[in-house]
Amino acid sequence: MKLLEERILKDGQVFPGNVLKVDSFLNHQVDVDFLNEIGKEFYRLFGDCGVNKIFTIESSGIGIACIAAQYFHVPVVFAKKNKSKNIAADVYTTKIHSFTHGKVYDVIVSKDFLSKDDRILIIDDFLAQGCALKGLINIIKDAGADIVGAGIVIEKAFQKGGDEIRAEGIRVESLARVKSMSDDGDIEFCD
Ligand code: 5GP
């Protein structure tokens, strides 16, 4: 998505450890008009796939998923990072290693909101090592639902997550695929 690549080049900042910060429009301040264009693009890609639910993870995924959902006219379910020591019985759960926080979270989703009859589109902000996406995929598999695919805003294609998940036969559509980034701020995209 040309518009997104241009925005990343204009406003993205590269931090040590291969972290791309896009806080001015996606991860801290949110440019809602811009997210609308992203939502439309996800609808263009997945609108004819019979999606009945969008699934994401807190926190940055929620805004993106909700705006996209306005085009699909379907509910959004988000996986929650479990804060209590105990995990309730009526939830699906998996562990996710957070790339940005260097922590492992238990994430949970109530069994009330995912079922085997669902056709699910996953939406998230970034795809890097793939831990977040794999965790969401595990939960959907546990629920017995169908995975239509994953819509990702920014994939760091030089990290392994995208290739591994596509190799499992899951459709992953990333609106911008970063081929490389350097500590002095140069960012290159895949063709
Ligand atoms: P993964 O599990 O694929 O390694 O990382 C995915 C999650 O980590 C995303 O949901 C996002 O929150 C965060 N993340 C990974 N890499 C980056 C990055 O370069 N920049 C930002 N802002 N978030 C990232």
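Order of appearance sets the numbers: ligands from 1, and atoms from 1 within every ligand.
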Could you check ligand 1 for N or O atoms lying under 3.5 Å from protein N or O atoms and list the pairs with distances?
from, atom 1, to, atom 2, distance (Å)
ligand 1, 2 (O), C131, N, 3.0
ligand 1, 2 (O), A132, N, 2.8
ligand 1, 3 (O), A128, N, 2.8
ligand 1, 3 (O), Q129, N, 3.2
ligand 1, 3 (O), G130, N, 2.7
ligand 1, 4 (O), Q129, N, 2.8
ligand 1, 10 (O), D124, OD2, 3.0
ligand 1, 10 (O), D125, OD1, 3.0
ligand 1, 16 (N), K156, NZ, 3.0
ligand 1, 19 (O), L20, N, 2.8
ligand 1, 19 (O), K156, NZ, 2.7
ligand 1, 20 (N), L20, O, 2.7
ligand 1, 22 (N), L20, O, 3.2
ligand 1, 22 (N), N27, OD1, 3.2

### Task
Give a yes or no on whether a salt bridge exists between R7 and D31, defined as a side-chain N under 4.0 angstrom from a carboxylate O.
yes
### Task
Not counting sequence neighbours, which residues clear salt bridge (charged side-chain N to carboxylate O under 4.0 Å, His left out) with R177? List them please.
E155
### Query
Do NZ/NE/NH1/NH2 and the carboxylate oxygens of R166 and E168 come within less than 4.0 Å?
no
### Task
With sequence neighbours excluded, tell me which residues meet ring pair (Phe, Tyr, Trp, His ring centres under 6.0 Å) with F34.
F25
### Message
Regarding N27 and S60, do their side chains bring together a donor and an acceptor under 3.5 Å, going by distance alone?
### Response
yes
### Message
Side-chain heavy atoms under 4.5 Å apart, restricted to Ile/Leu/Val/Met/Phe/Trp/Tyr: what other residues fall into the cluster of I140, or is it alone?
### Response
F55, I57, V77, Y92, I96, Y105, V107, V109, F113, L114, I120, I122, L127, L133, L136, I137, I139, I147, I152, I165, I170, V172
